[in-house]
Amino acid sequence: MRVLITGGSGFIGAYLIDEFLKIDEREIVNIDITEPADKIHLPFWKLVDILNKDKVIEVFQKFQPDCIVHLAAR
């Protein structure tokens, strides 16, 4: 399953990524303007501002997620 998380570098998002990693080898992408505090999450992070429509569409088209968890503030 491909999971795209917006705002995955925040408090809730970081815990969610940890939980997904415990379950199995899901493919995860975290789009956020803030680098994750937990360096283990760096491979999943993409520096993307959700207000940048073109960049968000680009990530969606390239990754083609099965599931989206929206945790970003805006």
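These numbers come from the heavy atoms of this one structure, side chains and all, not from hydrogens, waters or symmetry mates.
- Shown here is Phe60, whose CZ atom has more than 12 heavy atoms of other residues, nucleotides or ligands within 6.0 Å.
- Using a 4.5 Å heavy-atom threshold, the side chains of Asp18 and Ile40 count as separate.
- In this structure, CG on Leu71 lies 12.5 Å from CZ on Phe11, to the nearest 0.5 angstrom.
- To the nearest 0.5 Å, the span separating CD on Glu58 from CG on Asn52 amounts to 9.0 Å.
- Within the model, atoms CG of Leu16 and CD1 of Ile5 stand 4.5 Å from one another, a figure rounded to the nearest 0.5 Å.
- Ile33 and Leu51 end up in different hydrophobic clusters when Ile, Leu, Val, Met, Phe, Trp and Tyr side chains are linked at under 4.5 Å.
- Closest non-hydrogen pair, Gln64 versus Arg2, comes out as O-CD, 3.3 Å.
- Under the 4.5 Å side-chain heavy-atom criterion for grouping Ile, Leu, Val, Met, Phe, Trp and Tyr, Phe44 is not connected to Leu47 through any hydrophobic cluster.
- At least one side-chain heavy atom of Phe63 sits less than 4.5 Å from a side-chain heavy atom of Glu27.
- Counting non-hydrogen atoms of other residues, nucleotides and ligands closer than 6.0 Å to CG of Leu42 gives a total above 12.
- By the 4.5 Å heavy-atom criterion applied to side chains, Lys46 and Val29 are counted as neighbours.
- Hydrophobic clustering, with ILVMFWY side chains joined whenever heavy atoms are under 4.5 angstrom apart, groups Ile12 together with Ile28.
- Side chain of Ser9 to backbone of Thr34: a donor-acceptor contact under 3.5 angstrom is found.
- Residues Leu4 and Ile57 do not share a hydrophobic cluster, clusters being chains of Ile/Leu/Val/Met/Phe/Trp/Tyr side chains in contact below 4.5 Å.
- Taking a 6.0 Å sphere around NZ of Lys53, one finds it holds 12 or fewer heavy atoms contributed by other residues, nucleotides or ligands.
- Summarising the geometry, atom CG belonging to Asp32 is positioned 12.5 Å from atom NE2 belonging to His41; distances are rounded to the nearest 0.5 Å.
- Linking Ile, Leu, Val, Met, Phe, Trp and Tyr residues whenever their side-chain heavy atoms come within less than 4.5 Å places Ile17 and Val3 in a single cluster.
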